[in-house]
Structure formats: C-alpha cells, structure tokens
Protein chains: 2
Amino acid sequence: MTVKVTRSMLKRQAIIDGALSAFQQYGVSDTSMDKIAQTAQVSKRTVYNHFESKEQLVTHIIKEIWRQNILTCELEYQADMALDVQLAALLKNELDFLSNQNLQELIRVAIGYCLFNPEIFTAEMSEFFEQETALIRWIKQAVSAGRLRQVEPQKAHAQLISLLKGQAFWPQILHQQPALTNAQIEELTEDTVAFFLAYYQA
Amino acid sequence: MTVKVTRSMLKRQAIIDGALSAFQQYGVSDTSMDKIAQTAQVSKRTVYNHFESKEQLVTHIIKEIWRQNILTCELEYQADMALDVQLAALLKNELDFLSNQNLQELIRVAIGYCLFNPEIFTAEMSEFFEQETALIRWIKQAVSAGRLRQVEPQKAHAQLISLLKGQAFWPQILHQQPALTNAQIEELTEDTVAFFLAYYQA
DNA sequence: TGAAAAGTAAACTAGCTAGTGTAAAAATAC
DNA sequence: GTATTTTTACACTAGCTAGTTTACTTTTCA
C-alpha cells in the first residue's frame with residue numbers, strides 16, 4: 001500500500017528542509033523568513049500557512065531533531081562473551097552516532113539556538129544528553145553479573161561518554177576538527193575500552 | 001605610581017562591559033548597537049568612535065576573552081611527592097578554572113558566535129582548547145621519570161580533560177546543570193585521579 | 001585661559017525584519 | 001465540471017537595524 005503524499009505535505013517538507021539548510025549556514029537569528037521561503041522555493045505566504053510564526057518553525061525543527069535522535073540501537077549484555085568485545089561494539093555504535101556529519105549540523109543549530117534560549121531545553125530535549133540507554137543498561141547488567149566492579153552505572157556511563165565526546169564530538173561541533181576517520185574511530189574505541197576496563201573490570 | 005586613567009579609557013571599558021553583558025543576555029545577533037550604547041550609558045556615536053563597526057566590537061571582545069583564558073597556573077612535577085596528590089592538585093586547578101561562572105558566560109558568547117562564524121576560530125583562538133599546558137608538562141615529566149606508563153602525553157591529557165569537561169563544563173554551558181559545588185568538584189577530582197592512575201601509573 | 005579632543009542628543013538614511021491582506025491561479029476532490 | 005483547498009505574487013505595515021550627520025557641550029591639558 002502506497003501512502004498518499006499530498007502537495008501540501010510536500011510543500012511543508014520543503015519548508016522544513018529549506019529552513020534547516022539556511023539555519024545550518026547562517027544560524028537561526030540570521031535567517032529571515034524571506035530567505036527560508038526562497039531556499040524552499042515556496043512563497044512566503046505558504047510558509048506562514050504552515051507555521052504561525054518563525055518561533056514555531058524553529059521550535060518545531062529543533063524538537064524534530066531531538067526526536068530523531070532518541071532512536072538508538074539495542075545491544076544487550078551477553079553473559080558468554082568477553083567484556084572488551086562487547087564494550088567495543090557498544091562504543092563503536094555510539095561513535096558512529098556521534099560522528100554522523102548530518103547529525104552534527106543539526107545539533108549545531110540546536111545548540112546555537114538553545115545557548116541564549118535555555119527555556120526550550122525542556123525535559124524532553126535534555127534527554128538526548130542522557131539517553132544512551134543501551135550502554136547504561138549494559139553496564140548495569142555487567143555489574144549485576146559480577147563482571148564489572150560495583151559502581152554507580154550513571155557515573156561509569158558518564159565517564160565513557162565524556163571520553164568519546166571529548167574527542168569525537170565537541171571538537172567537531174566547534175569546527176575545530178574534521179570528523180574522525182574510521183581508523184581514528186577504531187583507535188579511540190580500543191583506547192577507551194582498555195582504559196575503562198583496567199579500572200572497572202572485576 | 002598611579003596609572004593615568006583617561007575618560008576615554010573609562011568610556012571604552014564601559015562599552016566593552018555593556019556589550020559583553022548584553023551579549024550574555026541576548027546573544028550577539030540579537031544585540032543591537034543602540035542596546036549596547038544604552039547598556040553602557042554612553043551615546044551611540046561614542047561607541048562608533050571607539051569601534052568602527054559591530055563586527056570589530058564583537059571580534060575584539062571575543063579575542064579578549066580568549067586572551068584572558070591563556071593565563072593558566074603553573075604547578076610543576078615534584079619527584080618526591082605521591083602521584084595521586086600531585087594529579088589531584090592539577091585537576092582541581094583545572095576544575096576551578098572550568099567551573100568559573102564568569103568564564104562560562106564569556107565562553108558561551110564566544111561559542112554562540114563561532115558556531116556560525118567559524119572563520120574567526122583562528123590559531124590563536126583554538127589555543128584555549130589545547131593550552132592546558134601545565135597538565136601536559138606534568139604528564140611528560142612523570143612519564144620521563146618512569147612513574148607513568150609510556151604514553152603519548154597528548155592522548156592522556158585529552159582523556160583527562162574530556163573526563164573533566166564532560167561533567168563540569170559542557171552540561172553547564174548548555175544550561176542543563178548548575179555549576180558544581182565544592183563537594184562535587186572534590187568527588188570528581190578523586191574519581192578521575194583513581195580512574196586515570198589505575199591505568200597509567202607505572 | 002583657551003584650544004583641542006572627546007562625548008552628547010537627536011534626527012536621518014537606507015535597508016532589512018516579521019507578519020498581513022488581497023486577488024488571481026493552480027491543484028485537488030468529488 | 002464544479003466546489004474547495006492550497007499556493008502564488010505582490011504590495012503593505014510598523015518597527016528595528018547598522019551606521020552617519022549635525023550642532024552642541026564637556027573634559028582635558030598645556
């Protein structure tokens with residue numbers, strides 16, 4: 001069964017795509033509604049037919065960014081597999097996620113807006129920064145199974161994520177460094193696994 | 001000897017302070033030159049007498065922020081002191097620096113501007129993110145003295161800084177969390193020292 | 001004291017901003 | 001084929017923007 005795609009829906013999507021593209025280039029404040037309409041190849045009136053105001057368009061897009069980010073992978077703890085292999089797989093997964101070029105541009109827009117509009121940092125949004133749940137769940141299970149030392153899983157998780165983001169996320173967000181190559185991702189994964197397990201493996 | 005402070009210098013400083021204060025509240029794009037003049041209690045013409053354009057005022061302030069940040073403390077490696085005590089002192093120093101409320105607001109302005117104006121991220125600016133030199137030097141010396149395992153000092157340093165920033169800097173910059181309390185700084189320091197030395201101590 | 005330097009208010013230009021009103025054209029629905 | 005919805009171009013408001021001009025006052029400094 002094919003889903004019906006109305007012209008209205010196409011226009012709406014064009015507006016969202018155009019706005020996002022303009023935001024990525026100029027930032028939210030320096031992107032006008034005229035510019036958005038032009039980028040989306042749509043009349044300005046059509047923009048206002050779909051979104052009551054610029055504010056609504058911006059928050060819709062930023063919330064959409066977050067919503068897409070919530071879907072993470074699910075790798076479960078395996079009792080019969082070496083810890084380092086499992087952890088490496090989980091971290092590699094996180095890194096692929098964090099290094100995604102497309103995602104980084106979206107997040108840059110969201111951060112640029114949220115820095116001076118902190119009120120939209122609602123609970124639903126800050127989830128992104130805490131929701132790497134597959135990894136937390138894995139830590140909990142490994143601790144329960146007695147294969148990791150007793151720790152607050154939240155703390156161990158925060159340490160792992162900090163180690164990854166500090167080298168594969170923040171420098172890229174700030175335009176300091178290009179995305180990591182596959183070899184670099186590999187190396188960072190191994191380093192982090194060794195570092196982490198040296199301290200936490202039971 | 002008292003340094004002569006001219007009225008012109010006072011006005012200039014008032015402009016800088018006013019602009020910075022307005023930037024912190026509204027972000028650069030959403031702060032007008034009229035607003036800056038008003039905040040600084042100065043006529044708009046005086047603003048333009050000191051700074052040729054808004055662009056020049058912005059870049060002057062942001063460069064000044066960076067310049068101030070380059071001055072870090074100097075704790076040297078001591079051959080006759082326990083590693084964990086020395087490292088704890090160094091990390092505590094970094095944390096006091098990163099948790100400085102005033103600094104965080106300045107950096108938020110700089111980041112908000114640089115996100116969509118990456119060209120001003122010149123070499124002199126990105127230094128801030130690499131210049132925690134006291135810590136790097138300490139690692140090098142401890143490695144040379146055979147008290148830390150052989151590693152690239154840059155890598156070990158990056159790991160330490162990531163662990164600190166991930167919990168005491170980025171969440172605060174993004175308005176997610178309040179500044180760390182002294183007790184939390186203490187705890188983070190101890191955790192990080194233990195984590196790091198478990199892997200790297202020779 | 002008196003000339004030069006710096007600061008002032010206020011009006012002004014020219015262009016951009018978010019958002020609206022309108023009437024015609026095009027696509028869709030039945 | 002007709003009725004309805006959607007999109008379109010375009011003119012418009014009202015306000016803000018960076019930056020300038022002018023005529024004037026205050027401060028500095030020798």
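Proteins come first, then strands; the chains are lettered A, B, ... in the order of their sequence lines, and each starts at number 1.
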query = What are the residues of residues 48-55 of chain A, sorted by number, that bring a heavy atom to within less than 4.0 Å of DNA chain D?
reply = Asn49(A), His50(A)
key: With Ser144(A) via side chain to side chain contact (heavy atoms under 4.5 Å, CB included) - residues at least two apart   = none
query = Near Glu76(B) CD, under 6.0 Å, is it more than 12 heavy atoms from other residues, nucleotides or ligands?
reply = yes
task = Among residues two or more places apart or on two chains, list those pairs meeting ring pair (Phe, Tyr, Trp, His ring centres under 6.0 Å) that have a residue in residues 18-49 of chain B.
result = none
inquiry  = Restricting to side chain to side chain contact (heavy atoms under 4.5 Å, CB included), what partner residues turn up for Ala82(A), sequence neighbours left out?
reply    = Asp84(A), Val85(A)
query = Nearest-Å distance, CG (Leu10(A)) to P (dT28(C))?
reply = 9 Å
inquiry  = Restricting to side-chain hydrogen bond (donor to acceptor under 3.5 Å, both in side chains), what partner residues turn up for Tyr113(B), sequence neighbours left out?
reply    = Glu55(B)
Name every donor-acceptor pair, under 3.5 Å, that has one atom in a side chain of residues 8-21 of chain A and the other anywhere in the protein, sequence neighbours excluded.
unit_1   : atom_1 : unit_2   : atom_2 : d
Gln13(A) : NE2    : Asp17(A) : OD1    : 3.1

request  = Please name all residues satisfying ring-ring contact (aromatic ring centres under 6.0 Å, His included) with Phe195(B), sequence neighbours left out, ordered by chain then number.
outcome  = Phe195(A), Tyr199(A), Tyr200(A)
task = Mind calculating the distance between CZ (Arg7(B)) and P (dT26(D)) to the nearest angstrom?
result = 11 Å
task = Please list, chain by chain and in numerical order, all residues satisfying side chain to side chain contact (heavy atoms under 4.5 Å, CB included) with Ala110(A), sequence neighbours excluded.
result = Ile62(A), Trp66(A)
task = Let me know the distance between CE of Met9(A) and C1' of dT28(C), rounded to the nearest Å.
result = 14 Å
note = Ordered by number, residues from residues 16-47 of chain B within less than 4.0 Å of DNA chain D (heavy atoms) are Thr31(B), Ser32(B), Met33(B), Lys44(B), Arg45(B)
inquiry  = I'd like to check the side chain to side chain contact (heavy atoms under 4.5 Å, CB included) partners of Ala37(B); sequence neighbours left out, ordered by chain and number.
reply    = Lys44(B), Val47(B)
message = So for the helix from dT1(C)-dA30(D) to dC30(C)-dG1(D), with five pairs setting each end axis, what is the inter-axis angle to 10°?
response = 30°
query = Taking only residues two or more places apart in sequence, or in another chain, which ones meet Arg108(B) in a side-chain hydrogen bond (donor to acceptor under 3.5 Å, both in side chains)?
reply = His175(B)
